[in-house]
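Values below: all heavy atoms of this structure, side chains included; hydrogens, waters and symmetry mates excluded.
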Amino acid sequence: MPDAPGPVAPTVPSVPSVPPTPPIPLSALLAREDLALRRIAGPADRDTVIHWAHTSEMADPYPYLLGGELLLTAGVHVTPADATGPYFDTYVSRVAAAGGAAIGFGLAPLHDTVPRALVAACEAHGLPLLEVPPQTTFSGVARAVWQLMAQARLAELRRVTEAQQSLAAAASRPDPVPSVLRQLAQRLTGWAALYGPDGAEIASAGRAPHETARQALAHLTAVVRPTPTTTPPSPATPAGATARTPPTPAAPPTGRPGATAAPAGRPVPSSATDSVAGSHLAAYALGAGQGFVLGVASPRREPGDHTIASVAAVLLSLLTGERRSGTGAARSSALVRVLLGASPEEVAPLLGTGRWVVVHARPDTQAADAVAASALGAALGSALVDLADGAVRVLLPAEREPGPQPGWALGVSAAVGPGDWATADAQAARALARARATRTALVGHGTRPGLTDLLPRDEADAHARALLAPIGAAPALTETLRTWLSLHGSWDRTAVALSVHRNTVRQRIARCAALLDTDLDDPDVRMELWFALRRA
């Protein structure tokens, strides 16, 4: 065996690099009867955890450890002279400096007992020492570690899933913010509080921590809250996730370890943690620039706590976003006023100013559902969305010019004032029918002035009513004729646009020709009818 590398100057990592898998208690590994492991030195701390098992016979394993390991060795690197010298003290100190969680010493074939100097060194450095009996292989220990990790991971996923479901249910209650905080505090067995943009505590739930920890949490929320002198986190950063460009750590005003502050003009982290007065503290900024912060205090930090708190932060971001902007309340007020008899002109100022367009949309493949409708509204930039019969209607300000959306056929009305919303709704419906018939992603209602603008409105309307009177009592015939003429007399495209069979289109057009007593193959007749349908 080649000479082992000598000790090198340690560069102790401030935080050991550990895998994302949940750690397991060392006590759980000792409880495995099939392994028959025995603790013979070091603290009997039930909080000791291991992240993996690693076998090494290096005289100095420090350069090859990442932290959190159960280091397994059979003492191949130990010479007879090492048993009484300072060798083991140096060896154990190096393992501890690298972040090793424990040492497992295998009996046989080289050593019948664990060297006493190793036992003494582990006691001195506070590192647990396990005796591995001859019948237990190192690979068996490693396999047991991974089995326990898999069980812990499954338990963590189950816990997170149940918490997500309960938090979502809480968000749908009549008092969503207090309900989410109560559920979060219950799931973390701690305390949860919502802080406003001014740093004041708005609502809280659970058992409040010590006053010192409570004050420390209030300070921690200031660390993650964007201020006029700091740059809010990117909207792409999920709530509760650490910012990709962390700020340069600086000592917090209170001098406590663990908290970080962002210098002026630098990105603000969207979450931060600390430990004060026996409580684990965490703060999560809600959304980009809203100013609300979620604070959490728990007696111990369990795997999955960060994920659960992040879910709560996302839900509270939605709830506080509505509260902060007032858009949700404004939409609710507008709806109530319309139901109580107000005109569109009266409620329009609650929703926005200026002119509006109506968008009708339908997916290319199947009927739209509530999730798809909401996503389309978000893509178009409006929360005024209506879903009916698998189609979606969206009302949005005219300055937000809608564009084609992948997987959707869109019909867009002309820009109108609130008094003409009903007219715009009909325009968007006809535009959508044309878009589906021509397999076009987006069709807009034409707004160019035409010959109809040269005629007096009253006379044009009277002529249109008289010409279409024979089919006026049959809306299906009127709409079929309108669609058929707009698609240049195509039976197939008209059938697609109206979602009927092509024979139905033929029958309806023949019925129109009979009732109107005219030749629909005559281009002059078609032009006059199209003029009348436009006025109608």
Would you find a donor on one side and an acceptor on the other, under 3.5 Å apart, between the side chain of S298 and the backbone of R300?
-> yes
Derivation of the side-chain hydrogen bond (donor to acceptor under 3.5 Å, both in side chains) call for S166 and R187 | CA-CA 9 Å; S166 62; R187 291 290 171 175; 3.3 Å; yes
Closest heavy-atom pair and its distance - A497, A437 = CB-CB, 3.9 Å
d(S204 OG, R182 CZ) to nearest 0.5 Å is 11.0 Å
With a 4.5 Å limit on heavy-atom distance, are the side chains of I103 and L127 in contact?
-> yes
From L72 atom CG to T55 atom OG1, the distance as rounded to the nearest 0.5 Å | 4.5 Å
Could you note down all residue pairs passing ring pair (Phe, Tyr, Trp, His ring centres under 6.0 Å) where residues 406-438 supplies at least one of them, sequence neighbours left out?
-> W356-W421
Ion pair check, R214 and E201, cut-off under 4.0 Å = yes
Full working for side-chain contact (heavy atoms from CB on, under 4.5 Å) between L70 and L130 | CA-CA 9 Å; L70 167 61; L130 311 184; 4.0 Å; yes
Are H360 and D425 close enough, and set up right, to give a side-chain contact (heavy atoms from CB on, under 4.5 Å), and what steps lead you there?
-> CA-CA 8 Å; H360 281 223; D425 185 47; 2.5 Å; yes
Flag the pair R159 and E156 as a salt bridge only when some basic side-chain nitrogen lies within less than 4.0 angstrom of an acidic carboxylate oxygen.
-> no
Applying side-chain hydrogen bond (donor to acceptor under 3.5 Å, both in side chains), run through S343 and E346 and close with a yes or a no.
-> CA-CA 5 Å; S343 66; E346 294 179 62; 3.3 Å; yes
With a cut-off of 6.0 Å (strictly less than), are more than 12 heavy atoms of other residues, nucleotides or ligands near CD of Q147?
-> yes
Inter-residue atom distance L217.CG - H210.NE2, 0.5 Å rounding | 14.5 Å
Would you say the side-chain atoms of Q405 pair up with the backbone N or O of G403, donor to acceptor, closer than 3.5 Å?
-> yes
Closest heavy-atom pair, A415 versus A398, reported as atoms and distance to 0.1 Å, is CB-CB, 3.9 Å
Please indicate whether E33 has more than 12 foreign heavy atoms, meaning atoms of other residues, nucleotides or ligands, lying under 6.0 Å from its CD.
-> no
Answer whether the closest heavy-atom distance between the side chains of L286 and L194 falls below 4.5 Å.
-> yes
Closest non-hydrogen contact found for L220 with A272 is CD2-O, 3.6 Å
Nearest heavy-atom contact between Y62 and A98 is CD1-CB, 3.4 Å
R301 side chain vs H280 backbone, donor-acceptor pair below 3.5 Å | no
Are any side-chain N or O atoms of T221 and backbone N or O atoms of A283, one a donor and one an acceptor, separated by less than 3.5 Å?
-> no
Tell me, with the steps shown, if E69 and W52 meet side-chain contact (heavy atoms from CB on, under 4.5 Å).
-> CA-CA 5 Å; E69 296 95 345; W52 42 30; 2.7 Å; yes
Where is the tightest heavy-atom contact between A53 and A142, given as atom of each residue plus distance?
-> CB-CA, 4.0 Å
Between L316 and the options L167, V177, V293, the side-chain contact (heavy atoms from CB on, under 4.5 Å) test singles out V177
State, yes or no, whether a side-chain contact exists between L396 and L384 at a heavy-atom distance under 4.5 Å.
-> no
Output the distance between atom CD1 (I50) and atom CG (L71), rounded to the nearest 0.5 Å.
-> 11.5 Å
Check whether any side-chain heavy atom of Q151 sits under 4.5 Å from a side-chain heavy atom of L148, and report yes or no.
-> yes
To the nearest 0.5 angstrom, please state how far the OG atom of S56 sits from the CG atom of L65.
-> 7.0 Å
Could you check if a side-chain atom of L294 sits within less than 4.5 angstrom of a side-chain atom of L184, using non-hydrogen atoms only?
-> yes
Going through the distances and angles, do L26 and R39 end up as a side-chain contact (heavy atoms from CB on, under 4.5 Å)?
-> CA-CA 10 Å; L26 184 58; R39 186 199 306 267; 4.0 Å; yes
Say you draw a straight line from CG of L35 to OG1 of T136; how long is it, rounded to the nearest 0.5 Å?
-> 5.5 Å
Sub-4.5 Å side-chain heavy-atom contact between L410 and P404 = no
Taking all heavy atoms of A168 and all of L315, pick out the closest pair and write down the distance.
-> N-CD1, 4.0 Å
